[in-house]
Protein chains: 4
Amino acid sequence: MTDSPRGAARTEAIMRATLELGAEIGYAKLSIEAIAARAGAGKHTVYRRWPSKGALLMDSLLHLHRSSLDYPDTGDIVADLRTQIHAAVDLLGNPPFGPLYRALIGEAQHDPALAEALNERFIAPQTEMTLARLRTARDQGLLSPSLDLDLAMAVLSGPLYFRFLITREPLTHEYVDRLLQSLFDGMGAR
Amino acid sequence: MTDSPRGAARTEAIMRATLELGAEIGYAKLSIEAIAARAGAGKHTVYRRWPSKGALLMDSLLHLHRSSLDYPDTGDIVADLRTQIHAAVDLLGNPPFGPLYRALIGEAQHDPALAEALNERFIAPQTEMTLARLRTARDQGLLSPSLDLDLAMAVLSGPLYFRFLITREPLTHEYVDRLLQSLFDGMGAR
Amino acid sequence: MTDSPRGAARTEAIMRATLELGAEIGYAKLSIEAIAARAGAGKHTVYRRWPSKGALLMDSLLHLHRSSLDYPDTGDIVADLRTQIHAAVDLLGNPPFGPLYRALIGEAQHDPALAEALNERFIAPQTEMTLARLRTARDQGLLSPSLDLDLAMAVLSGPLYFRFLITREPLTHEYVDRLLQSLFDGMGAR
Amino acid sequence: MTDSPRGAARTEAIMRATLELGAEIGYAKLSIEAIAARAGAGKHTVYRRWPSKGALLMDSLLHLHRSSLDYPDTGDIVADLRTQIHAAVDLLGNPPFGPLYRALIGEAQHDPALAEALNERFIAPQTEMTLARLRTARDQGLLSPSLDLDLAMAVLSGPLYFRFLITREPLTHEYVDRLLQSLFDGMGAR
DNA sequence: GGCTAACCGAGACGGTACGTCTAGTCTTACT
DNA sequence: AGTAAGACTAGACGTACCGTCTCGGTTAGCC
């Protein structure tokens with residue numbers, strides 16, 4: 001993607017228009033035609049930058065929330081996980097991020113390239129950060145050495161995404177706490 | 001939906017065409033136009049029965065696998081769960097059900113009505129069956145009385161759906177076994 | 001067409017509905033579907049009786065105005081023609097007959113069978129009546145023996161239909177009178 | 001309508017396809033869908049240029065015969081009218097112009113906008129040319145000063161259109177000659 | 001400071017599918 | 001047997017976007 005001042009401004013304008021329109025009319029009714037019109041850009045300019053509506057939405061969302069899920073390390077592994085996951089569900093559970101992120105995941109189900117990109121650019125980094133934090137705690141002796149960290153990670157994320165995508169029940173702090181409780185009661189935390 | 005012999009035959013033909021075409025060209029490229037043509041039906045006949053492509057796909061999939069996930073009860077709760085979840089991941093993890101089911105969930109992210117229907121007609125019944133089996137086991141004293149069954153359910157399903165939808169890693173029996181292991185080690189099984 | 005009491009009643013109801021709907025929404029938007037619904041008849045019942053929308057409209061119009069253009073014979077050929085043609089332009093120039101008749105002729109341009117039927121059942125009888133009246137007058141010595149009656153007929157009808165169908169100028173009594181004037185001044189009247 | 005080279009080529013291609021298809025299958029079965037396909041154009045490209053099938057047909061026909069009915073002036077008014085009207089009936093009476101022109105007039109009976117356009121772009125200019133020729137002749141003293149030119153015009157055109165549209169008898173040179181004969185015998189020629 | 005090459009907006013273009021409509025046929029149940 | 005009701009196949013309608021493509025009209029370096 002172009003890095004010249006002019007190009008960057010166009011890129012920004014298009015991503016901004018994407019999020020605005022997405023918030024207004026929902027992803028399903030979003031069209032590249034409308035985004036270009038809203039951004040005052042030609043369709044060509046959009047297609048030059050992104051191969052698909054999904055890719056554009058992903059970039060727009062990640063651009064918007066570049067650094068919002070950084071990890072704390074206060075030494076208290078449970079509290080840190082709690083803090084971070086509370087922040088995550090606050091993000092996922094509310095507009096504008098929530099609905100658009102849900103739509104992005106939906107789109108990824110039809111578009112393997114998008115699914116892979118989403119994994120690499122958002123899911124995997126998030127996962128890795130959590131794993132790193134768990135690893136640190138284990139190395140400090142706060143968690144059982146035999147704890148399967150990948151599984152722990154999956155047991156934390158899975159149920160939240162299940163609620164988010166499948167049952168559409170609200171993502172509450174209380175639910176996060178129950179999950180953490182069961183994890184640390186049962187999976188080897190000390 | 002019509003139940004007359006003629007109507008039922010048409011309904012069947014359309015659902016069959018949907019699954020065939022879906023398997024051949026994938027959900028993303030599926031069109032009601034093409035389905036109707038394949039089924040030798042008029043478009044109106046399709047629209048009379050289903051309000052959207054997603055609803056049609058859901059009916060077609062559920063019609064195809066009406067009774068495939070019934071629950072065993074051999075008295076051994078762990079073995080029964082294992083049997084049933086192995087069957088479930090075999091279904092989800094392979095064509096033709098897997099990719100189309102994934103696409104259906106994707107579509108549901110853009111279409112709340114479809115999401116709700118999917119929940120009511122497929123997710124909730126499956127969940128309820130598992131919960132009932134767990135409840136029986138608990139009543140028989142095989143599980144701790146304090147076990148949070150909903151949470152147990154979520155901890156089983158969530159990670160599998162996370163793999164299925166987000167990371168797209170294969171759903172293996174081995175992974176299911178690890179999940180069950182950690183659950184029964186940690187969540188109150190005796 | 002059926003002549004049984006029941007059949008005749010159905011036929012009437014359908015023709016009435018045709019004229020009503022035609023007057024309300026115009027011929028262009030008329031559909032057999034809507035006519036059947038308005039008449040409380042099945043579509044089959046309409047198709048059993050008429051092969052096309054145009055045929056139905058023609059029957060309906062002719063049924064409505066079965067006997068309205070009979071010819072007077074007062075002995076004064078000019079006055080009789082004047083009377084009769086004034087009546088004709090009053091009919092053609094005003095709703096409900098005018099617009100529907102115009103539409104019927106329009107339809108006949110696409111449908112030779114309809115054109116022929118219209119000719120046989122409406123145009124030719126009208127023409128023949130006028131010719132008969134002219135013939136009587138000629139035989140009585142009121143018109144030149146050399147007068148080409150067919151041509152006289154055409155010179156009377158043609159300009160009126162030209163106005164009616166092509167230029168859509170109003171059909172006035174004054175215009176009829178000018179036509180008659182020129183005909184009897186110039187075409188062999190004494 | 002676009003006048004750019006590209007646009008003009010598309011416009012031409014579509015009009016050509018219209019006339020071809022119209023000649024092949026007749027106006028009644030003509031569809032914009034088929035025209036676009038034949039022209040290798042998108043439907044939008046057709047709809048961008050013409051509001052209706054009738055408008056497209058009219059443009060196509062007038063484009064085909066832009067200059068074919070120009071008027072001679074040899075000084076002999078009767079001969080000139082004869083020449084010109086013979087040419088006109090040859091055009092109307094034969095394919096491809098005849099049947100499509102008939103259909104166009106038919107369509108105009110259902111579509112007032114089309115009727116008006118047809119009048120302005122084809123009928124009125126033709127009429128005006130004939131009137132101008134008659135006026136010249138009158139000014140040269142070849143016709144009676146009291147001759148009602150509009151009426152003369154109507155007496156020439158009307159019967160021909162009546163044959164063309166209503167009775168569907170062939171338009172022959174002989175009939176034209178009879179009409180002219182009666183007009184100039186009786187309507188004030190010297 | 002002028003030239004040229006890339007980029008841009010605008011939007012026409014060939015397509016595809018949409019969801020609606022009507023045609024004309026066929027089936028069902030009623031009278 | 002004829003009917004009302006309406007489902008059925010077929011296919012055109014006019015619309016909306018897709019992704020590609022011209023078209024002029026700015027910029028933005030690079031001489």
Side-chain angles (χ1 to χ4, degrees), chain A residues 2 4-7 9-11 13-14 29-37 39-53, chain B residues 1-2 4-11 13-14 29-37 39-53, chain C residues 2 4-7 9-10 13-14 29-37 39-53, chain D residues 1-2 4-11 13-14 28-37 39-53:
Chain A
T2 313
S4 77
R6 191 156 59 126
R10 300 287 67 214
T11 301
I14 293 164
K29 293 181 189 164
L30 212 52
S31 71
I32 289 190
E33 200 118 12
I35 291 169
K43 288 164 67 176
H44 214 58
T45 306
V46 179
Y47 281 108
R48 206 192 327 272
R49 286 167 164 75
W50 295 278
S52 70
K53 190 168 61 152
Chain B
M1 285 159 213
T2 312
S4 78
R6 193 162 52 129
R10 300 288 65 215
T11 301
I14 292 164
K29 292 182 189 162
L30 211 53
S31 71
I32 289 190
E33 199 120 13
I35 291 169
K43 289 164 64 175
H44 209 53
T45 305
V46 179
Y47 283 109
R48 204 193 327 274
R49 287 168 162 75
W50 295 278
S52 68
K53 192 168 60 152
Chain C
T2 314
S4 78
R6 190 157 58 129
R10 298 290 64 213
I14 292 164
K29 292 181 189 164
L30 212 53
S31 71
I32 289 190
E33 200 116 14
I35 291 169
K43 288 165 64 176
H44 215 58
T45 307
V46 178
Y47 281 108
R48 207 194 323 276
R49 286 168 163 76
W50 294 277
S52 70
K53 189 168 62 153
Chain D
M1 288 159 211
T2 313
S4 77
R6 194 161 52 128
R10 301 288 66 216
T11 301
I14 293 164
K29 292 181 190 164
L30 210 52
S31 72
I32 289 190
E33 198 120 11
I35 292 169
K43 288 164 66 174
H44 207 53
T45 305
V46 179
Y47 282 110
R48 205 195 323 275
R49 288 168 162 75
W50 294 279
S52 69
K53 191 168 59 151

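Quick caveat, the model's predicted, so the values are computed rather than measured. Residue numbering restarts at 1 for every chain, and letters A, B, ... go by the order of the sequence lines. No hydrogens, no waters, no symmetry mates; every other heavy atom, side chains included, goes into these values.
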Closest heavy-atom contact between [X] and [Y]?
{"X": "C/Ala13", "Y": "C/Ala39", "answer": "O-CB, 3.8 Å"}
{"X": "B/Leu30", "Y": "B/Ile35", "answer": "CG-CD1, 3.9 Å"}
{"X": "D/Ala41", "Y": "D/Arg10", "answer": "CB-NH1, 4.0 Å"}

What N/O pairs connect the protein and nucleotides 20-22 of chain E at under 3.5 Å? Give each pair on its own line.
none

request  = Can you sort out the partners of D/Ala28 under side chain to side chain contact (heavy atoms under 4.5 Å, CB included), two or more places apart, ordered by chain and number?
outcome  = C/His110
ask   = Partners of D/Ala37 by side chain to side chain contact (heavy atoms under 4.5 Å, CB included), sequence neighbours excluded?
value =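 Side chain to side chain contact (heavy atoms under 4.5 Å, CB included) check on D/Ala37 returns nothing, list empty.
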inquiry  = I'd like to check the side chain to side chain donor-acceptor pair (under 3.5 Å) partners of A/Lys53; sequence neighbours left out, ordered by chain and number.
reply    = none
task = Would you mind reading off the distance between B/Ile14 atom CD1 and F/dA10 atom P, rounded to a whole angstrom?
result = 12 Å
task = For A/Arg10 and E/dG9, give me the distance from atom CZ to atom C1', rounded to whole Å.
result = 9 Å
key: Earlier contact from the 5' end, DNA chain F, for D/Pro51 and C/Gly40   = C/Gly40
query = Of all the choices, E/dC13, F/dG2, F/dC8, which nucleotide is nearest to the side chain of C/Arg48 once you look at every atom?
reply =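 Nearest to the side-chain atoms of C/Arg48, counting from C-beta on, is F/dG2.
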message = Within the 4.0 Å heavy-atom criterion, would you say A/Ala36 contacts the bases, only the backbone, or no part of the nucleic acid?
response =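 Since no nucleic acid heavy atom lies under 4.0 Å of A/Ala36, the category is nothing.
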ask   = Below 4.0 angstrom from OP1 or OP2 of E/dC7, is there any side-chain N or O of A/Thr45?
value = no
ask   = On DNA chain E, nearest-nucleotide positions of B/Lys53 versus D/Gly42: which is more 5'?
value =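 Its nearest nucleotide lies further toward 5', so the answer is D/Gly42.
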